[in-house]
2 protein chains.
Amino acid sequence: MKSDPLSAAFAALADPTRRAMLTRLCEGEATVNEIAAPFDLSLPAISKHLKVLEGAGLISRGRSAQFRPCRLKPGPLKDVADWVERYRRFWDESLDRLDNYLKEIQHKERSDDA
Amino acid sequence: MKSDPLSAAFAALADPTRRAMLTRLCEGEATVNEIAAPFDLSLPAISKHLKVLEGAGLISRGRSAQFRPCRLKPGPLKDVADWVERYRRFWDESLDRLDNYLKEIQHKERSDDA
DNA sequence: TAGATAATTAACTTAATGGTGAACTAGATG
DNA sequence: CATCTAGTTCACCATTAAGTTAATTATCTA
């Protein structure tokens with residue numbers, strides 16, 4: 001993994017387990033065991049995933065008693081969104097082209113029917 | 001790397017070299033050597049990066065003579081944008097909170113002055 | 001045909017990732 | 001104090017990633 005923050009964010013998001021963890025944290029703070037519950041993974045594996053998310057700045061962790069509650073830190077998600085947004089015109093254009101193509105096809109088929 | 005398309009897209013984007021390649025392709029089609037030029041990397045390394053991008057569906061490659069021109073295929077970028085967008089309210093909220101916090105601080109400092 | 005150019009494939013090294021079980025730390029509670 | 005709960009760290013293993021040089025394929029051109 002490269003060390004720049006944006007690369008770290010993308011790398012952290014490249015794992016479906018970690019994305020699911022973030023989705024879970026949308027509902028609010030959760031302990032490690034709560035986060036672990038849906039996954040068929042050992043606790044050390046969960047702990048490592050959380051460390052990756054924390055390293056990317058996507059979550060932060062507190063302490064209360066023997067719990068280490070995690071919460072979402074959306075900063076890097078905004079950076080990812082900003083980076084990707086610069087390409088919006090391309091997919092908008094592509095969809096336009098697809099749309100035009102489909103219309104063209106339909107038009108042609110209608111002419112064929114006639 | 002996980003095999004689902006969204007994970008593949010995030011993983012492909014987790015490398016600054018590959019992100020720079022995509023940025024280059026915003027300007028239009030380019031050959032492998034053109035893409036390689038700005039980087040201090042061997043051609044096989046470039047070739048591998050392009051294969052990762054192609055595998056993630058982020059570029060497509062044609063052929064004309066001995067050239068293999070690459071072009072941007074923005075589909076997966078839209079999927080990434082869609083995934084990340086679901087978190088927008090969180091960073092908006094955070095910025096709101098930061099904004100409120102800063103206003104509070106300023107207000108407090110003003111009271112201190114008084 | 002011979003050789004130059006564009007790019008990929010092969011074989012290999014090194015480092016990082018993702019997982020495990022076992023041992024450990026910290027705090028709550030009988 | 002003894003023990004249970006929450007979670008991390010350690011030591012290890014298998015797989016994948018990212019890079020290299022050398023060899024190979026495909027196409028154009030003298």
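Note: hydrogens, waters and symmetry copies are ignored here, and every other heavy atom, side chains too, is used. All of these numbers come straight from a predicted model, not from anything done at the bench. Naming convention: chains lettered A, B, ... in sequence-line order (proteins, then strands); numbering from 1 in each chain.
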Candidates [options] - which lies nearest the side chain of [X]:
X       : options                : result
A:Val32 : D:dT20, D:dT8, C:dA7   : D:dT8
A:Leu43 : D:dG7, C:dT8, D:dA18   : D:dG7
B:Pro44 : D:dT20, C:dG27, D:dT27 : D:dT20
A:Lys48 : C:dT20, C:dG27, D:dT21 : C:dT20
A:Gln66 : D:dC28, D:dT21, D:dA6  : D:dA6
A:Arg63 : C:dA26, D:dG19, C:dA7  : C:dA26

Distance below 4.0 Å between [X] side-chain N/O and [N] OP1 or OP2:
X       : N      : value
B:Thr31 : C:dA6  : no
A:Arg68 : C:dG27 : no
B:Ser42 : D:dT20 : yes
B:Lys51 : C:dA7  : no
A:Asn33 : D:dG7  : yes
A:His49 : C:dT17 : no
A:Ser47 : D:dT8  : yes

Which value, rounded to the nearest 0.5 Å, describes the distance between A:Leu22 atom CG and B:Arg86 atom CZ?
->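 Answer rounded to 0.5 Å: 10.0 Å.
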Let me know the distance between [atom1] of [X] and [atom2] of [N], rounded to the nearest Å.
X       : N      : atom1 : atom2 : answer
A:Leu41 : C:dT20 : CG    : C1'   : 11 Å
A:Asp15 : D:dT16 : CG    : C1'   : 13 Å
A:Asp40 : C:dG21 : CG    : P     : 11 Å
A:Met21 : C:dG18 : CE    : P     : 11 Å
A:Arg61 : D:dT9  : CZ    : C1'   : 12 Å
B:Ile59 : C:dA7  : CD1   : P     : 12 Å
B:Ile35 : C:dA7  : CD1   : P     : 8 Å
B:Phe39 : D:dT20 : CZ    : C1'   : 18 Å

Would you list the pairs meeting ring pair (Phe, Tyr, Trp, His ring centres under 6.0 Å) in which at least one residue belongs to residues 35-85 of chain B, sequence neighbours left out?
->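 Sorted pair list: B:Phe10-B:Trp83, B:Trp83-B:Tyr87.
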side-chain contact (heavy atoms from CB on, under 4.5 Å) assessment of B:Asp15 paired with B:Val52 | CA-CA 10 Å; B:Asp15 185 295; B:Val52 172; over 6 Å; no
Could you check whether A:Ala45 gets within reach of a base, just the sugar-phosphate, or nothing at all, counting any heavy atom under 4.0 Å?
->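 A:Ala45: base contact, heavy atoms under 4.0 Å.
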Quick one: do B:Arg88 and B:Glu85 make a salt bridge, cutoff under 4.0 Å?
->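 B:Glu85 and B:Arg88: salt-bridged.
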Salt-bridge criterion met for B:Asp82 and B:Lys78 (N-O under 4.0 Å) =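 A salt bridge is present here (some side-chain N lies under 4.0 Å from a carboxylate O).
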Excluding sequence neighbours, so at least two apart, what forms salt bridge (Lys or Arg N to Asp or Glu O under 4.0 Å) with A:Asp79?
->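 Listed in chain order: nothing, the list is empty.
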